[in-house]
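Here is the structure we will look at, set down as structure tokens.
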Amino acid sequence: MSVAPPVDVRFDRYYDHDELTERLHALEAAHPELATLRSLGKSFGDRDVWLMEITNRATGPGEHKPGYYLDAQIHAEEHATSAVALYAIHHLLTGYGHDETVTRLVDEQVFYVVPRINPDGAEASLKPPYYLWCGNGRFAPGQDRLGGLKTEDVDGDGYIVSMRVSDPLGEWKKSALDERIMVQREPGEYGGDYYRLYPEGFIEDYDGAHVRIDKPFDGNLNRNFPANWDADEYGAGEAPLSEPEAAAIARFILDHPNIAGMNAYHTHGGIILRPSMTLPDSAMSAKDLGLYTALGSVGTALTGYPTISIYEEFTPDKSKPRRGGLMDWTYEKMGIPSFATEVWDVETEAGVEKTAFYNLHPRTEEAQLKVFEWVQEHLGEHGVRPWKAFDHPQLGPVEVGGMVYIWTYRNPPPALLEKICHANVLFNLEHAAAAPRVRVERVETEALGGALHRVRATVANHGYLPSNLTDVAIGRGVAKTVRVTLDAGDAELVMNPREVDVGHLAGRNERPFPWSPWGPTWTPTTKVVEWLVRAPEGANLRVRVVSERAGRHEREIEVTS
Ligand SMILES: [Zn+2]
């Protein structure tokens, strides 16, 4: 091992593309035996979509080991996620040789980490004017709508926030607790001062009456994947994988069938999302639901984030399930146990009780005030802009200000990053460690006379998950079975083919309680393969077990009497 010079990587700040790139190169250079940095492709803005592969190459190439895929920042404004992914890379590389779990995982498995899927969007949203930019580099901020209101920093303060406009038709009013907070007008309420709230921007072709706000077509790369794709989803793109960043990671995942677990990082909410995106739990495989529940509870214990179903608890309108999502594709089409973690929850941090997981509705006045005060204390005017009078060319006198969502709701203050990164990466390691892992337990030979020998190999799955990973993988026909091969050299095979298909090997997760006639029938975690060979004394035999998702292992034996 070379002596690794420490790389200047910090988890109390957000890095732009050049800074991130520099650190990835430095980490690779400091850990050449373990790290391989590669570009999966270029964004519209000609930036690299980086992937760091981490494994001890001395114990075998990555593609021969169970893989764990982790990605971040598919959505432009989710900067905290990139920090989590960078933390994972740093933790694995610097922990190798010191941390027992990390060392075992890096020796026996492989990690694929994409710290920033969407580098153009990230760059646009990291620099002023600060705005909730979601899409990639296909459209420039402000150029993502046909007409109507186009978001822009109208007062030039470096923040695109909200405009409040005095309007007797308005559905908002100033809070009696704090005039800076806006609360909804009651259904039967009249006689007060009311306001309308709009995103900060100028209005094209304004008719003086209705402020039209189109959905932006800046895109949502996480609706661009080929599973239940639907052109009508916000941000779906022109066609599945039409966006270069989505296409780049999809190609990588397809080319790495050894991926046995994945976690996509998002902000915000402080929740771990699990499948299904489109189905109720009752329509999922009970076995798969069981493994999600078991792995999810590990995640909850480590992060404090509840684990919930996207469809059951994160889909406000169940008649419109999300379509074209990455995780839907990796689980529903490839059978990979997949999670998406929404890191960071400013409301929990501010002491607001969690009453719902997905909620576009305004919070109570008291909840808003708690968040407002927390933000004021921790971020000052970088988190909440004071309302300032502005003479708007279309709307007349307005006030511009309010919450800076990107640096409050969507991302934590940098000082809180490291704690978030650490807890989440520990869950990733536990999830990765649940992978199936095949081993040749032992090989025995028995002399039968006349140079005939019986060869008996026992192969086993040492992992928590089965070699097929999930029922969905079997149902979709994408779970390749485990093969055991005898390499007999000069010896002659008399019985059984050289390669024997042993089907799948169960994992420990099949046995969460003692055997019961009421429970499911256990399937084998261990199987025996026999061959008959005609071989001279001292001949070398090699037995190899190969599984697409559970790695490979081999053992040699010398023929003796
Ligand atoms: Zn997201």
Side-chain angles (χ1 to χ4, degrees), residues 14 43 49 69-88 113-126 130-138 141 144 215-225 227 229 233-237 243 245-246 248-250 253 262-275 277 299 303 305-311 313-316 321-331 338-347 357-360 405-412 417 420-421 424 427-428:
Y14 294 110
S43 65
V49 178
Y69 170 91
L70 188 164
D71 74 32
Q73 210 162 13
I74 195 167
H75 293 139
E77 75 275 38
E78 297 173 354
H79 299 292
T81 64
S82 178
V84 177
L86 184 61
Y87 189 93
V113 185
V114 182
R116 186 167 287 167
I117 294 173
N118 178 1
D120 293 354
E123 205 74 354
S125 68
L126 192 60
Y130 298 119
Y131 175 60
L132 280 179
W133 183 250
C134 177
N136 60 352
R138 188 183 279 275
D144 55 338
K215 285 198 181 190
F217 25 75
D218 66 323
N220 174 355
L221 295 177
N222 201 26
R223 299 292 178 272
N224 195 225
F225 291 88
W229 184 86
E233 274 268 342
Y234 157 55
E243 305 309 293
E245 302 87 352
I249 61 167
I253 292 169
M262 77 93 92
N263 200 138
Y265 273 100
H266 293 262
T267 65
H268 65 277
I271 37 181
I272 298 170
L273 300 172
R274 63 156 172 88
M277 278 170 103
T303 62
Y305 297 167
T307 302
I308 60 168
S309 150
I310 294 183
Y311 180 80
E313 292 175 275
F314 206 63
T315 302
R322 290 171 175 74
R323 298 189 178 280
L326 170 61
M327 191 166 93
D328 204 20
W329 183 58
T330 55
Y331 172 62
S338 307
F339 290 98
T341 304
E342 302 273 359
V343 299
W344 173 239
D345 184 26
V346 69
E347 294 187 345
F357 296 115
Y358 191 88
N359 198 346
L360 285 174
Y405 283 94
I406 186 170
W407 298 126
T408 54
Y409 271 81
R410 304 292 277 134
N411 294 285
L417 264 180
I420 294 169
C421 293
N424 280 282
F427 171 45
N428 297 139

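Count residues from 1 along the sequence. Atoms considered below: every heavy atom in the structure, side chains included; atoms not considered: hydrogens, waters and symmetry mates. All ligand and atom numbering here is 1-based and tracks the order in the structure.
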*asked:* Salt bridge or not between Glu233 and Arg323? Use side-chain N to carboxylate O under 4.0 Å.
replied: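 Answer for the salt bridge query: no.
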_Spatial distance of atom CD1 (Ile271) from atom CD (Glu313) [nearest 0.5 Å]_ =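 The distance works out to 9.0 Å.
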*Less than 2.8 Å from the Zn ion (ligand 1) is the window; count the protein N, O or S atoms in it.*
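With waters ignored, the protein N/O/S count below 2.8 Å is 4.
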*asked:* Quick check: closest heavy atoms across Gly135 and Asn118, and the distance to 0.1 Å?
replied: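 For Gly135 and Asn118, the tightest heavy-atom pair comes out as O-ND2, 3.0 Å.
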*Is the centre of the Phe427 ring less than 6.0 Å from the centre of the Tyr305 ring?*
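That pair fails the under 6.0 Å test.
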*asked:* I'd like to know if the side chain of Asn411 and the backbone of His79 have a donor-acceptor N/O pair within less than 3.5 Å.
replied: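 It does hold such a pair.
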*Do Asn136 and Glu245 get their side chains close enough for a donor-acceptor pair, meaning under 3.5 Å?*
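A donor-acceptor contact under 3.5 Å links the two side chains.
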